[in-house]
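Every heavy atom of this structure was used, including side-chain atoms; hydrogens, water molecules and symmetry mates were not. One-based numbering, in listed order, for ligands and for the atoms of each.
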Amino acid sequence: MIGKLNHVAIVVPDLEQATALYRNTLGAAVSEPVDQPAHGVTTVFVELPNTKIEFLYPLGAESPIAKFLEKNPGGGIHHLCYEVPDILAARDQLKAAGARVLGDGEPKTGAHDKPVLFLHPKDFLGTLVELEQA
Ligand code: CO
């Protein structure tokens with residue numbers, strides 16, 4: 001069912017520092033920050049030849065990643081995003097297999113303007129999994 005690894009998301013305590021680290025120290029192509037008010041985050045994408053790294057930084061008081069940063073003040077890996085060809089078919093298949101889909105189970109528009117869903121980390125080896133319709 002799952003296809004390419006679309007991105008690995010890392011919550012960062014300092015976007016400028018994270019950008020400089022990947023741009024200057026690791027020599028990667030790094031995007032400008034984009035505020036995503038609907039998701040309560042500011043994102044920066046690192047383009048790699050085979051996938052992307054997504055930096056997440058809290059935006060606003062209600063940010064869903066504020067708690068994560070409290071627990072992991074130095075930052076840390078937040079989720080993996082896999083591509084699927086059909087997100088509703090993937091959701092139904094996973095639910096039938098007993099996996100928990102977060103939220104109301106309806107796909108939301110993600111950072112790339114494509115439908116996404118999140119799967120419960122306890123059902124996937126302690127890792128939050130995002131599915132994105134490719
Ligand atoms: Co993501």
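A search for salt bridge (charged side-chain N to carboxylate O under 4.0 Å, His left out) contacts involving Glu70 returns nothing, not counting sequence neighbours.
Under 2.8 Å from the Co ion (ligand 1) lies an N/O/S atom of His79, whether from backbone or side chain. Distances from the Co ion (ligand 1) show that Glu54 has an N/O/S atom below 2.8 Å. Among the backbone and side-chain atoms of Cys81, none of the N, O or S atoms lies under 2.8 Å from the Co ion (ligand 1).
A pairwise comparison of heavy atoms in Phe55 and Thr19 identifies CE1-N, 4.0 Å as the closest pair.
Applying the ring-ring contact (aromatic ring centres under 6.0 Å, His included) definition to pairs two or more places apart or across chains, those involving residues 97-119 are His7-His112, Phe45-His112, His79-Phe118.
The Co ion (ligand 1) is closest to atom OE1 of Glu130 (considering only N, O or S atoms).
Contact check on Arg23 versus Glu47 returns no salt bridge, with no Lys/Arg side-chain nitrogen under 4.0 Å from an Asp/Glu carboxylate oxygen.
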